Amino acid sequence: MSESWLDSLNGPQREAVTHGAGPLLVVAGAGTGKTRTLACRVAWLIESGVPPDRILLLTFTRRAAAEMIHRADQLTGRRTTTHVWGGTFHAVAHRLLRFHGQALGLPPGFSVIDAADAADLLNLTRNDLGLAKKDRRFPRKETLQAIYSRTVNSTDKLTDILTRHWPWCEEYADPLRDLFDAFTRRKRERNVLDYDDLLLLWRELHALSGAGDEVAERFDHVLVDEYQDTNALQAEILLGLRRENHNIMVVGDDAQSIYSFRAATVRNILDFPKQFPGTHIVTLEQNYRSTEPILAASNAVMAPARERFTKNLWSQRPSEQKPVLYTCMDEAEQCRLVCERILAHLEMGTLLRKQAVLFRAGHHSDQLEVELTRCKIPFHKYGGLKFVEAAHVKDLLALLRILENPYDELSWFRVLLLIEGIGPKSARRIMEALGVHRAPGQSSPAGAVADGSARSPWRCLAEESLKVPPAAREMFGQLRTTLLQCVGMPTAPAEEDDDLTRPTTRGTSVAAQIEKLRQFYEPIVQARYDNWVIRLRDIEQLEQIAARYRSRNRFIADLTLDPPASTADLAGPPLIDEDYLILSTIHSAKGCEWDVVHIIHAADGMIPSDMATENEAGVDEERRLFYVAMTRARDMLYIYFPLRYYHRRVYLSDAHSYAQLTRFLPSEIHSLLELRTCPAASIPRRPTPHIDLDELDRRLKHRWRE
DNA sequence: CATTTATAAATTTTT
DNA sequence: TTTATAAATG
């Protein structure tokens with residue numbers, strides 16, 4: 001049985017799949033069957049007798065892990081594959097830390113915060129330190145978080161990082177040190193871990209002799225996907241994980257490294273053979289995805305880049321059709337043309353879901369989305385602003401977090417500020433009164449779990465009379481009742497009428513709790529936002545996702561570690577006959593493929609993004625990004641270039657500037673493309689029907705002279 | 001004094 | 001669309 005699927009692999013693929021013990025590096029060019037190889041490897045290991053739960057598969061997204069495990073399932077014809085440990089570094093770290101946290105002195109019941117929360121916490125810390133007052137141009141909170149994160153993930157010194165990536169912040173090196181000190185202390189005190197902590201603690205776990213060895217011995221084989229997009233900290237984790245046992249397989253393509261902003265470094269994949277002596281290297285060069293002309297153009301784009309692992313990508317899919325480069329007059333025409341092309345391919349039998357529109361930044365598709373809606377083309381968008389990043393979703397999540405951990409100062413702060421009449425000062429005072437800062441420390445780990453411990457915030461909230469500004473009193477009362485009901489604490493008799501709607505029991509479901517919280521939150525959204533209808537719909541969706549969960553803690557953790565990537569993920573399992581177009585940032589398109597790919601905004605300044613062109617390394621990465629976009633296409637690739645961009649800072653202004661075609665498509669390689677110019681753009685000076693001013697004035701005159 | 005309102009400015013990519 | 005700062009309000 002196993003031979004049948006092994007036979008369908010090519011030589012190098014089979015070599016990788018059936019590799020025995022020891023380190024293995026698979027350099028897999030775009031479209032060379034990387035996912036397939038990994039899935040087969042998992043299947044092969046299992047058929048060779050490796051217990052599934054002793055295999056660790058680290059991927060870039062949870063979707064990728066699920067996909068590979070599903071494929072392995074189909075190959076082996078078993079269901080055991082589901083026991084494979086699969087997921088992102090962060091998700092696996094989370095799981096391991098729940099098991100082994102105590103060995104690190106990590107109190108149980110820690111919560112995980114995302115990058116935006118970390119930024120908020122840095123902001124709070126900055127204000128407490130009075131750093132905001134001293135200097136006008138102290139970095140924004142997002143910048144602070146980015147600097148901190150890079151310091152942790154790159155394992156470089158702060159000063160080097162500032163010089164290299166934030167030279168304008170170098171003068172703040174000292175206050176930054178103080179801030180980061182206070183920030184880490186605060187996280188520890190509050191028992192929260194950010195994304196960086198998850199990796200950091202995982203690495204530390206392996207420095208411990210007991211628990212570290214235990215974790216390492218858990219896995220017979222470690223497999224890592226997209227290795228070119230891992231960072232120094234992740235490489236150290238792997239070293240710790242494979243100190244004795246060197247069964248490790250990493251797969252990647254240095255030409256597709258596009259996450260250096262997250263401190264990913266190609267050095268990982270380049271240095272892998274040095275870190276694991278005796279590494280066997282397999283190179284996959286046959287591209288099964290794209291046609292020859294698409295591959296030829298993609299290779300030409302990458303030719304000027306300095307690559308270390310030379311690959312010679314080749315395809316056996318001849319085609320007469322070169323990639324098409326469309327020059328459009330402006331963005332409006334680009335949108336029209338994209339819709340027209342999409343519908344044309346749909347007519348010819350390519351489903352919408354087999355087509356994708358790719359772009360550099362999330363907002364690049366804004367105008368297109370309007371046009372798609374007008375043309376009644378359904379679509380799902382990946383990347384860009386995430387569902388969980390929207391203010392209203394964060395608000396509701398903060399309410400939920402308080403229920404989970406009443407010592408979560410960040411969530412309390414956010415929630416209290418929602419109430420009209422409460423500002424930063426009152427919020428701090430109320431939190432002080434509730435004892436939010438008196439978190440049960442390491443001394444009494446059990447205290448975090450017990451709701452009714454004598455001085456818990458819940459007790460304070462239920463029993464003590466808090467000083468609340470008069471204007472805020474009513475709404476604060478509602479908040480108080482809502483929260484207490486959700487945790488099943490008795491509320492004071494005064495508010496008992498609320499109980500008529502639903503008898504409160506201790507074990508209300510997550511969805512039921514969200515519904516209760518929503519009732520409190522609804523009037524706030526309505527007062528705050530004009531588009532509250534849409535926002536409330538989001539919250540209903542949140543409720544639907546929650547319905548699939550039994551544990552509130554699990555729900556929150558999943559939502560922060562693996563946020564829904566598109567609106568599609570929110571709707572639950574997709575209907576079979578539902579067809580929709582894919583819109584995606586290039587970053588989110590990694591690892592995907594489509595029959596027809598449309599790349600929009602192929603203009604210098606868009607790609608390469610003009611924020612990345614300051615140094616050569618930045619431009620290099622943008623080039624790889626463009627390469628990734630091109631190599632997503634199987635049969636047909638369209639690249640669109642709008643000539644003219646309007647500056648829409650001023651409403652209805654006609655101010656515009658002319659763009660240049662992306663530098664990654666120089667005229668030397670135009671022979672590899674089919675150049676098409678839109679009718680409108682082909683005539684630079686269209687004989688515009690000019691207004692006859694004399695005639696107009698004559699007509700106008702009638703207004704005052706009958 | 002704390003909070004709200006007004007005003008100006010900035011806005012890549014993601015676990 | 002959100003976020004930091006300045007002025008106005010209670």
Side-chain angles (χ1 to χ4, degrees), chain A residues 58-65 87-94 112-116 118-120 123 126-127 132-133 135-143 145-146 149 152-153 193-199 226 229-231 233-234 257-264 358-364 366 382-386 388-392 394 416-417 419-429 469-472 527-531 535 557-563 565 584-590 601 605-613 618 621-622 624-626 628-629 649:
Chain A
L58 292 163
T59 55
F60 204 72
T61 61
R62 192 160 70 169
R63 265 225 319 267
T88 61
F89 272 86
H90 294 88
V92 171
H94 178 240
V112 179
I113 60 174
D114 65 17
D120 284 343
N123 199 30
R126 174 180 64 180
N127 290 336
K133 301 287 187 297
D135 269 296
R136 282 264 183 84
R137 284 199 297 275
F138 200 74
R140 301 161 43 87
K141 60 179 184 176
E142 287 83 6
T143 315
Q145 196 276 328
S149 188
V152 177
N153 284 286
L193 303 182
D194 59 19
Y195 287 152
D196 306 323
D197 286 324
L198 290 173
L199 298 185
E226 308 280 9
D229 283 323
T230 54
N231 58 44
L233 185 55
Q234 289 167 320
S257 156
I258 53 174
Y259 276 86
S260 74
F261 68 91
R262 231 171 71 183
L358 305 183
F359 34 85
R360 173 67 178 84
H363 63 266
H364 285 176
D366 288 353
Y382 288 85
L385 250 187
K386 288 260 184 52
V388 286
E389 282 163 24
H392 52 287
K394 297 212 74 148
L416 288 172
L417 283 187
I419 297 170
E420 198 120 317
I422 296 182
K425 280 273 151 44
S426 311
R428 267 167 227 269
R429 209 188 48 237
R528 281 183 146 212
Y529 305 102
D530 289 336
N531 56 355
R535 290 178 190 254
D558 270 12
L559 222 49
T560 35
L561 285 173
D562 188 45
S584 175
T585 59
I586 302 174
H587 282 93
S588 295
K590 189 164 102 146
H601 290 297
M606 309 299 258
I607 182 153
S609 161
D610 45 18
M611 325 202 57
T613 49
E621 176 141 322
E622 298 286 308
R624 293 192 293 267
L625 204 48
F626 194 61
V628 167
R649 296 247 176 265

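Within every chain, numbering begins at 1; the chains are lettered A, B, ... in the order of the sequence lines, protein sequences first and strands thereafter. Fair warning: this is a prediction, and the values are worked out from it, not measured in the lab.
To the nearest angstrom, P of dT12(B) lies 17 Å from CZ of Arg262(A). In this structure, Tyr259(A) places its OH atom 11 Å from C1' of dT12(B), rounding to the nearest Å.
With sequence neighbours left out, the ring pair (Phe, Tyr, Trp, His ring centres under 6.0 Å) criterion links His601(A) to His364(A), Tyr645(A). For Lys141(A), the salt bridge (charged side-chain N to carboxylate O under 4.0 Å, His left out) partners two or more places apart in sequence, or in a different chain, are Asp120(A).
Pro469(A) comes within 4.0 angstrom of no nucleic acid atom, judged by non-hydrogen atoms across all strands. When heavy atoms are screened at a 4.0 angstrom cut-off, Ala471(A) is found touching no nucleic acid atom at all. Heavy atoms of Ile258(A) sit nowhere under 4.0 angstrom from any nucleic acid atom. In this structure, Arg528(A) reaches neither bases nor backbone, as no heavy-atom distance under 4.0 Å exists between it and the strands shown.
Annotation: side chain of Leu199(A) is in contact with side chain of His90(A) (closest heavy-atom distance under 4.5 Å).
Phosphate contact (OP1/OP2 of dT14(B), side-chain N/O of Thr61(A), threshold under 4.0 Å): absent. Ser588(A) has a side-chain polar atom (N or O) that falls below the 4.0 Å cut-off from OP1 or OP2 of dT14(B).
In this structure, the aromatic ring of Phe261(A) is positioned over the six-membered ring of the base of dT13(B), centres within 5.5 Å and planes within 30°.
Proximity note for Glu420(A) (side chain, C-beta onward) versus dT4(B), dT1(C), dT12(B): the nearest is dT4(B).
Stretches of at least 3 consecutive Watson-Crick or G-U wobble pairs, with each checked distance under 3.5 Å, appear in DNA chain B as B:1-10 with C:1-10.
None of Arg262(A), Lys590(A), Gln234(A) except one satisfies the side chain to side chain donor-acceptor pair (under 3.5 Å) rule with Asp229(A); the exception is Lys590(A).
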